[in-house]
Amino acid sequence: MSWLADRRSLLLRAIIVAFLAAQLVVPMVGLFGPRPARFAWQMYSAMPPVPQAWAIAPDGSETAVDLGALFAVQRAELDYPSILREGLCDATGASAIRMAVPGELDEQTFSCR
């Protein structure tokens, strides 16, 4: 009967070791992948900077756009420049948008329809 208790003890130890190993291995795999990775240790440490944007009126005047009002919660997985290119014209009613992305040297200007 003691061999049965030994098997249960061994099985319980194996389950505990496997659980603890998963707690280390899953985040380590994500750590070396593209960032931000789900379930990885850098999950919230790779927040991209939000670009600055200006709405250009037909007369050429520029008005800064408050992007904080458009994005209630900043998220790491969003590609802010492409989202802004798609929806900022509709949100502001401007004829063109000028955008400065942190980390890029050139500002981008794109026309709205």
Side-chain angles (χ1 to χ4, degrees):
M1 194 73 169
S2 69
W3 65 270
L4 186 58
D6 289 342
R7 280 194 180 260
R8 283 186 186 169
S9 176
L10 182 62
L11 180 62
L12 182 61
R13 287 182 187 159
I15 290 171
I16 290 172
V17 167
F19 177 77
L20 293 175
Q23 299 300 309
L24 292 173
V25 171
V26 170
M28 286 179 83
V29 168
L31 184 64
F32 297 107
R35 292 183 183 205
R38 238 179 167 181
F39 305 114
W41 285 311
Q42 84 282 349
M43 194 165 151
Y44 294 105
S45 65
M47 295 298 281
V50 178
Q52 294 178 322
W54 296 268
I56 302 173
D59 65 358
S61 63
E62 294 185 6
T63 305
V65 178
D66 179 19
L67 298 179
L70 298 175
F71 297 101
V73 177
Q74 186 178 0
R75 300 195 45 131
E77 69 271 11
L78 295 180
D79 180 16
Y80 286 102
S82 65
I83 290 171
L84 292 174
R85 273 186 220 102
E86 293 174 9
L88 205 52
C89 289
D90 293 335
T92 61
S95 62
I97 300 293
R98 183 169 60 95
M99 185 170 37
V101 179
E104 293 183 12
L105 297 176
D106 297 329
E107 291 183 347
Q108 303 170 10
T109 302
F110 51 95
S111 63
C112 301
R113 296 174 235 206

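- Hydrophobic cluster membership differs between Ile56 and Leu70, with clusters built from Ile, Leu, Val, Met, Phe, Trp and Tyr side chains linked at under 4.5 angstrom.
- The shortest heavy-atom contact between Tyr80 and Pro51 is CB-CD, 3.6 Å.
- The shortest heavy-atom contact between Ala64 and Trp54 is CA-CD1, 3.5 Å.
- Ser95 contributes no side-chain N or O that, together with a main-chain N or O of Ser111, makes up a donor-acceptor pair within less than 3.5 Å.
- Rounding to the nearest 0.5 Å places CG of Leu11 at 12.5 Å from CG of Asp6.
- Taking Ala57 as the reference, Asp59, Ser61 meet the side-chain contact (heavy atoms from CB on, under 4.5 Å) condition, with sequence neighbours excluded.
- In this structure, the side chains of Leu24 and Leu20 stay at 4.5 Å or more apart for every pair of heavy atoms.
- The shortest non-hydrogen separation linking Pro81 to Met99 is O-CE, 3.8 Å.
- Residues forming a side chain to side chain donor-acceptor pair (under 3.5 Å) with Gln108 (at least two apart in sequence, or on another chain): Arg85, Glu104.
- Proximity of Leu84 to Ile97: side-chain heavy atoms (C-beta onward) are nowhere separated by under 4.5 Å.
- With side-chain heavy atoms closer than 4.5 Å counting as contact, directly or through intermediates, Leu105 stands alone and belongs to no larger hydrophobic cluster.
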